[in-house]
Colleague: 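Quick one: structure below, then a few questions.
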Amino acid sequence: MRTFTAVVEKDYETALYVGYVPGFPGAHSQGETLDELQANLHEVIEMLLEDENLTFNTEFVGTQQIVVA
């Protein structure tokens with residue numbers, strides 16, 4: 001069992017949640033609800049993990065807040 005961290009944003013033009021897994025090419029999806037997005041990302045990640053030559057370009061470390069005056 002593996003755990004992946006997804007970055008999730010809300011697109012106010014489409015009212016959809018958009019998510020992607022940093023460093024995991026192709027691991028992105030969208031959904032009308034957070035539950036739908038999670039299910040869609042789960043399906044995409046399972047499909048991508050079937051590739052035996054899969055390599056990760058980065059590792060998720062965290063987020064930072066940048067204050068600009």
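Side-chain atoms are counted along with the backbone in the values below, which use heavy atoms only and exclude waters and symmetry mates. We're numbering straight along the sequence, starting at 1.
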Colleague: When rounded to the nearest 0.5 angstrom, what is the spacing between CD in Gln38 and CD1 in Ile45?
Modeller: 9.5 Å
Colleague: Taking all atoms of both residues into account, what is the closest heavy-atom pair of Asn40 and Gln30, and its distance?
Modeller: ND2-O, 2.7 Å
Colleague: Who are the side-chain contact (heavy atoms from CB on, under 4.5 Å) partners of Thr63, not counting sequence neighbours?
Modeller: Phe60
Colleague: Passes side-chain contact (heavy atoms from CB on, under 4.5 Å), Glu32 versus Leu16? Steps please.
Modeller: CA-CA 5 Å; Glu32 291 183 3; Leu16 294 173; 3.6 Å; yes
Colleague: Looking only at heavy atoms, which two atoms of Pro22 and Val7 are closest? And how far apart?
Modeller: CG-CG2, 3.7 Å
Colleague: Looking only at non-hydrogen atoms, find the nearest pair between Val21 and Thr5 and report the distance.
Modeller: CG1-O, 3.6 Å
Colleague: What do you reckon, is CD of Glu36 surrounded by more than 12 foreign heavy atoms closer than 6.0 Å?
Modeller: yes
Colleague: Quick one: do Ile66 and Gln64 satisfy side-chain contact (heavy atoms from CB on, under 4.5 Å)? Show the steps, please.
Modeller: CA-CA 6 Å; Ile66 310 301; Gln64 293 184 345; 4.2 Å; yes
Colleague: To the nearest 0.5 Å, tell me how far Met47 CE sits from Glu43 CD.
Modeller: 7.5 Å
Colleague: With sequence neighbours left out, what residues match Leu37 under side-chain contact (heavy atoms from CB on, under 4.5 Å)?
Modeller: Val8, Tyr17, Ser29, Leu41
